[in-house]
Amino acid sequence: KGSTFASSDTPIIGNTCLYGATNGKLYAAGQAGERFGVRNSGAQAVVEGCGDHGCEYMTGGVATILGNTGINFGAGMTGGFAYVFDETNDFVDRYNHELVDIHRLQAAELEPHRQHLRAILEEHARRTDSARAHEILADFDAYLQRFWLVKPKAMEIGDLLDLLNKAA
């Protein structure tokens, strides 16, 4: 408290956080280092940016990235999913095209994901008082167009909805 720097622009956790996590929740009002969420198999996490290879080999859980990512996001991802805020409009050049698909959240069938993302942002704001989360929530519909849903190519949107229902 009382810091004058923007937490969303500042590293707060290091490399390989959540390596192999099986459950639990992490809310970090700041950025993560490289290989954030590698081999995550069940944790739910929110950070405000991450380095290269985010969500590498992820098999489950949900990652929400409220800022820029490094390159190769989602390499080897076979389960779970992520929400990524495309702050600089270049995420299409940063994710692993071979193994994951990305979708904007405006499609009608993704309404449950929009509600889920809003709930995640509200919880992140409540737990961390994140300025970034408050900013997005204040104009959620406008910011929503900059979010991507990242999922393994092998999973269908319906499979992700089943994951949402289990998480509820």
Side-chain angles (χ1 to χ4, degrees), residues 6-87 91 94-96 99-103 105 110 112-137 140 143-144 146-152 155 159-168:
S7 63
S8 61
D9 296 334
T10 306
I12 192 169
I13 55 178
N15 296 334
T16 67
C17 284
L18 297 181
Y19 187 96
T22 58
N23 63 23
K25 294 183 179 185
L26 169 74
Y27 298 94
Q31 296 183 10
E34 294 188 359
R35 290 195 156 87
F36 172 74
V38 65
R39 297 192 186 278
N40 177 21
S41 65
Q44 296 180 43
V46 182
V47 295
E48 299 182 353
C50 71
D52 294 345
H53 315 292
C55 299
E56 184 178 43
Y57 301 115
M58 189 166 141
T59 62
V62 179
T64 303
I65 316 298
L66 301 179
N68 291 330
T69 70
I71 60 168
N72 204 31
F73 189 91
M77 181 189 272
T78 59
F81 60 92
Y83 300 115
V84 176
F85 179 65
D86 193 358
E87 186 172 21
F91 185 68
R94 296 183 170 279
Y95 79 96
N96 185 289
L99 297 169
V100 296
D101 288 328
I102 62 174
H103 301 271
L105 292 171
L110 294 177
H113 283 282
R114 289 191 292 275
Q115 293 174 14
H116 185 238
L117 174 60
R118 183 188 291 271
I120 288 170
L121 289 165
E122 289 169 348
E123 185 72 5
H124 183 60
R126 186 180 70 74
R127 290 184 177 267
T128 68
D129 199 25
S130 162
R132 170 62 53 92
H134 287 296
E135 176 186 348
I136 293 169
L137 287 167
F140 185 72
Y143 279 96
L144 189 61
R146 295 172 66 188
F147 274 94
W148 293 103
L149 170 67
V150 181
K151 70 164 197 65
M155 292 183 77
D159 298 332
L160 298 180
L161 295 176
D162 290 342
L163 290 175
L164 282 181
N165 293 332
K166 288 179 186 175

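Owing to the predicted nature of the structure, the values given are computational and were not obtained by experimental measurement. Sequence positions, counted from 1, serve as the residue numbers for this chain.
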### Message
Here's a test for you: under ring-ring contact (aromatic ring centres under 6.0 Å, His included), which of Phe140, Tyr83, Phe85 qualifies with Phe147?
### Response
Phe85
### Message
Using 30° and 60° as the class boundaries, would you call the ring planes of Tyr95 and Phe91 parallel, tilted or perpendicular?
### Response
parallel
### Message
For Leu137, is there any backbone N or O sitting under 3.5 Å from a side-chain donor or acceptor partner on Arg118?
### Response
no
### Task
Report yes if the side chains of Ile102 and Leu149 come closer than 4.5 Å at any heavy-atom pair, otherwise no.
no
### Task
Hey, could you give me the NZ/NE2 distance between Lys151 and His113, rounded to the nearest 0.5 Å?
10.0 Å
### Task
Supply the atom-to-atom distance His134 NE2 to Asp129 CG, rounded to the nearest 0.5 angstrom.
4.0 Å
#### Entry: Side-chain heavy atoms of Met77 within contact of Met155, under 4.5 Å
no
### Message
I'd like to check the side chain to side chain contact (heavy atoms under 4.5 Å, CB included) partners of Asn15; sequence neighbours left out, ordered by chain and number.
### Response
Glu34
### Message
Within the structure provided, determine whether Val38 and Leu18 are in side-chain contact (heavy-atom separation under 4.5 Å).
### Response
no
### Query
Should Glu122 and Arg126 count as an ion pair when the cut-off is N to O under 4.0 Å?
no
### Query
Just how far is it from atom CZ of Arg114 to atom CG of Leu110, taken to the nearest 0.5 Å?
6.5 Å
Donor-acceptor list for residues 56-75 side chains, cut-off 3.5 Å, not counting sequence neighbours:
| unit_1 | atom_1 | unit_2 | atom_2 | d |
| --- | --- | --- | --- | --- |
| Glu56 | OE1 | Arg35 | NE | 2.6 |
| Asn68 | OD1 | Thr88 | OG1 | 3.1 |
| Asn72 | OD1 | Asn96 | ND2 | 2.9 |
| Asn72 | ND2 | His53 | ND1 | 3.0 |

Validation: residues 21-31 side-chain donor-acceptor distances under 3.5 Å, sequence neighbours left out:
| unit_1 | atom_1 | unit_2 | atom_2 | d |
| --- | --- | --- | --- | --- |
| Gln31 | NE2 | Ser8 | O | 3.0 |

### Query
Do Arg146 and Asp86 meet the salt-bridge criterion of a basic N to acidic O distance under 4.0 Å?
no
### Message
How close do Gly14 and Cys17 get, counting heavy atoms only, and between which atoms?
### Response
O-SG, 3.5 Å
### Sidechain-backbone polar pair: Ser130 side chain, Ala133 backbone, donor-acceptor under 3.5 Å
yes
